[in-house]
Engineer: 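Here's a structure for you.
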Amino acid sequence: MDEKEQLHAMRHSLAHILASAVQNLWPDAKFGVGPVVENGFYYDIDIGEYKISEDDFEKIETEMRSIVSKDQPFVRSIKQIDEAINWAQEGKQPYKEELLNDLKRAGTTVAKDLNPEELGTIAGDDSVTSEVSFYTNGNFVDLCRGPHLESTGKTGAFKLMRVAGAYWRGKDTNPQMQRIYGLAFASEKELRTHLNMLEEAKKRDHRKLGAELDLFTFSDLVGSGLPLYTPRGTYIRDGLIKFSEAVREQIGFERVWSPHITKKDLYEVSGHWEKFGSELFLVTSQETDDKLVMKPMNCPHHSQIYSSRPRSYRDLPIKYMETTTNYRDEKSGELHGLSRVRSLSQDDSHTYCREDQVDEIFDQLIERIREFYSAINMSLRLRLSLRDESDAYLGPQELWDFGQNKLAEIAGRNNLEYYQETGEAAFYGPKLDFMATDAIGRVWQVATVQFDFVQPERFGLEYTDEKGEKKRPIMIHCAIMGSFDRFFSVFIEHTAGRFPVWLAPEQIRLITVNQESATIEFADKIVDEARKLGLRVKVDNDNESVGKKIRDAEVWKVPYTVVIGEKEIESSEVIPRIRKDMEVQPSGPIAISNFLQSIANEVGSRVTKSSL
RNA sequence: GCCACCUUAGCUCAGCUGGUUAGAGCAUCAGUUUUGUAAACUGAGGGUCGUCGGUUCGAAUCCGACAGGUGGCUCCA
């Protein structure tokens with residue numbers, strides 16, 4: 001076993017140790033599955049009325065440690081399938097029994113979405129399992145493919161983290177079990193490193209920083225999942241949106257506008273009504289019987305703009321973009337800060353083109369997306385999101401084949417690390433998803449470029465080719481931030497609220513040493529000059545100590561802080577205090593107008609590090 | 001939507017198993033001080049303890065419903 005397999009086996013073994021501990025403590029416990037997940041493991045457990053809480057963790061961990069110290073060997077054994085089913089029945093393990101029955105019928109337990117009838121029909125004779133393997137440690141026996149450690153004593157560092165409800169086999173009509181999550185690493189040190197990362201993530205939580213830095217808020221009267229952006233948050237919002245639009249203007253995108261409500265007919269034609277109807281907000285006219293919906297996306301509108309006039313092959317590609325708010329009735333339990341909201345603003349764009357233009361369009365978009373993410377210091381990887389074999393996808397197979405091959409080709413030549421994942425395509429086409437890594441190593445899905453093989457057909461979009469024949473254009477969706485709101489949550493956590501100067505809501509803070517009129521007048525003069533350069537500047541003239549006001553500017557993460565007193569008034573020079581993450585420290589006094597001009601230049605070029 | 005948990009001042013939190021006028025720090029406001037690179041001093045205001053209902057002689061505390069939130073599950077155009 002190499003190191004990776006060893007770690008996997010160790011985490012899996014800990015899942016068994018967790019289950020044995022639970023069995024020792026609650027002998028009636030019924031077990032589901034206990035797989036390895038990123039950084040650890042979990043086990044799904046049903047112990048009837050009693051609900052395990054985090055208060056029980058100490059007790060469970062103690063029991064786990066006792067099992068570890070007993071150094072019980074993991075012993076593999078083979079049972080005939082019927083013998084195994086018998087074992088599950090006698091041991092009152094209904095979940096295991098269900099898994100074993102699936103194994104017997106279909107030779108797999110992974111076909112979790114299939115109901116028993118379907119499962120029966122796909123099972124060929126070859127796949128029927130006649131034998132299954134078990135692992136035993138101490139008095140705990142579990143159906144398991146393995147591999148495991150030699151014995152319980154070989155485990156590394158672990159910690160139980162949380163308990164959560166989880167549907168048996170992920171289906172919301174099934175009973176809900178309790179899932180106990182644990183972290184596990186080869187060494188105490190690695191575990192601690194990971195816990196520190198989680199600690200750091202907690203400090204950067206956008207919901208916490210959003211309130212502390214006065215960026216956005218929620219109101220019970222407005223409703224859950226409906227964020228309100230404050231002036232400070234809106235500076236950043238506007239700055240990012242402007243940038244996202246600017247990078248696409250460079251490659252010929254033009255802004256369009258569409259209303260926020262529409263007849264539901266639009267989505268019946270597009271196919272969204274059938275697929276997402278239950279998540280649409282409905283609006284009714286009080287005068288007529290018109291049934292309207294709040295728009296959940298913009299592509300059908302843009303397609304209507306496309307089809308508003310006849311198009312020639314010479315007009316293509318046609319490129320529309322619109323940054324606008326969409327409304328989706330997300331289930332209450334799915335809402336989460338800004339990452340999942342009911343009113344989300346997309347920096348959306350749609351290209352209608354000929355087949356021979358596809359390569360150039362993708363290459364350009366990828367280049368612009370890279371420009372955007374390099375400006376905010378995030379590295380990108382590409383995910384090729386392809387369809388799987390389910391029937392969740394619409395559109396002709398030939399187009400899917402063309403699109404999936406094309407995307408693989410494009411991904412291969414764009415100097416970005418990429419990988420592919422099936423089952424991640426949109427229902428209307430395959431996509432390139434951009435995965436950004438943040439400052440503490442977490443990966444987020446951000447930008448996306450997607451083929452659409454459904455809407456051109458459904459809306460009957462056409463252009464006239466050089467022979468005078470009608471043809472279908474190819475439609476390509478692209479969003480650079482995706483949902484602005486979700487992107488903002490990532491960006492806040494990536495920067496920990498230390499926004500680059502070009503986005504900082506407050507770029508310069510002037511701190512007065514005293515409240516004499518000469519000082520105030522001097523500060524006001526600097527404010528005027530800074531505003532003429534388009535800079536965002538504030539004066540802190542509170543009757544507090546300079547130390548206190550410096551601290552306050554630090555807490556608000558203001559990039560440049562300047563103390564104004566007699567010395568500055570006399571010399572017209574300042575010694576700016578530069579926020580620590582900006583690396584470059586001031587070399588000494590600088591004439592005020594030079595100082596302001598250099599910041600204006602910095603803002604203009606969107607640099608992320610101070611150039612002073 | 002489902003499971004578990006949480007909700008006390010603008011924020012962070014204290015308030016023992018139900019027992020008079022619910023506390024602290026920060027923030028806010030006022031006064032003193034006129035301050036030189038991460039927290040000056042003094043004082044004041046601010047809470048029908050998320051909402052509604054119930055149990056009780058008595059509820060921030062117990063029970064229920066609802067709202068909002070947290071961690072997951074499910075979903076994510």
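The structure displayed is predicted, hence computed values, not measured ones. Values reported hereafter were calculated over all heavy atoms of this structure, with side chains retained and with hydrogens, waters and symmetry mates removed. All chains are named by letter (A, B, ...) in the order of the sequence lines, taking the proteins before the strands, and each is independently numbered beginning at 1.
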Engineer: Could you tell me whether the side chain of A:M475 reaches within less than 4.5 Å of the side chain of A:F453, counting heavy atoms only?
Structural biologist: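 Of all side-chain heavy-atom pairs linking A:M475 with A:F453, none is under 4.5 Å.
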Engineer: Hey, does the side-chain of A:R328 have a donor or acceptor N/O within less than 3.5 Å of a partner on the base of B:C76?
Structural biologist: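 Under the 3.5 Å cut-off, the side chain and the base do not form any donor-acceptor pair.
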Engineer: Before accepting this row, confirm whether a basic side-chain N of the pair A:R442/A:E493 lies closer than 4.0 Å to the acidic partner's carboxylate O.
Structural biologist: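 A salt bridge is present here (some side-chain N lies under 4.0 Å from a carboxylate O).
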Engineer: Can you find a donor-acceptor pair, distance only, under 3.5 Å between A:R486 side chain and B:C76 base?
Structural biologist: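 Under the 3.5 Å cut-off, the side chain and the base do not form any donor-acceptor pair.
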Engineer: Base, sugar-phosphate, or nothing for A:G565, non-hydrogen atoms under 4.0 angstrom?
Structural biologist: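 Base: the residue A:G565, judged by heavy atoms under 4.0 Å, touches a nucleobase.
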Engineer: Cation-pi check, A:R11 to A:F41: give yes when NZ or CZ is under 6.0 Å from the six-membered ring centre and within 45° of the ring axis, no otherwise.
Structural biologist: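 Verdict for A:F41: no cation-pi partner in A:R11.
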Engineer: Once you apply the 3.5 Å cut-off to both distances, tell me the Watson-Crick or G-U wobble partner of B:C11, or none.
Structural biologist: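 Its partner is B:G25.
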Engineer: Under the 3.5 Å rule, do the base of B:G36 and the side chain of A:E568 count as making a donor-acceptor pair?
Structural biologist: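 Yes.
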Engineer: Is there a donor-acceptor contact under 3.5 Å linking the side chains of A:K295 and A:T324?
Structural biologist: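 Judged by distance alone, the side chains do pair up.
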Engineer: Given the P atoms of B:U48 and B:U8, what is the spacing between them in whole Å?
Structural biologist: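 About 13 Å, rounded to a whole number of Å.
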Engineer: Short of 4.0 Å, heavy atom to strand atom, which residues of residues 294-307 of chain A count as contacting RNA chain B?
Structural biologist: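 Within residues 294-307 of chain A, the residues near RNA chain B are A:P296, A:M297.
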Engineer: Checking A:E274 against A:Y267: is there a side-chain donor and acceptor pair closer than 3.5 Å?
Structural biologist: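 A:E274 and A:Y267 do not have a side-chain donor-acceptor pair below 3.5 Å.
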Engineer: Which whole number of Å gives the distance between the C1' atom of B:A24 and that of B:G1?
Structural biologist: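 Here B:A24 and B:G1 have their C1' atoms 41 Å from each other.
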Engineer: We want to know whether A:R383 and A:Q445 form a side-chain donor-acceptor pair, criterion being a heavy-atom distance below 3.5 angstrom.
Structural biologist: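 Checked: A:R383/A:Q445 side chains pair up, N/O donor to acceptor below 3.5 Å.
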Engineer: With a non-hydrogen cut-off below 4.0 angstrom, is A:Q178 in contact with a base, only sugar-phosphate, or nothing?
Structural biologist: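 The residue A:Q178 makes no contact with any strand.
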Engineer: I'd like to know if A:Y167 reaches the base of B:G1 with its side chain, counting only an N/O donor and acceptor under 3.5 Å.
Structural biologist: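 Under the 3.5 Å cut-off, the side chain and the base do form a donor-acceptor pair.
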Engineer: Listing time: all N or O pairs from protein to nucleotides 24-28 of chain B that are below 3.5 Å?
Structural biologist:
| from | atom 1 | to | atom 2 | distance (Å) |
| --- | --- | --- | --- | --- |
| B:A27 | OP1 | A:K548 | NZ | 3.2 |

Engineer: Tell me whether the side-chain N or O atoms of A:E334 pair up with the base of B:U74 as donor and acceptor below 3.5 Å, since no angle test is needed here.
Structural biologist: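 Pair found.
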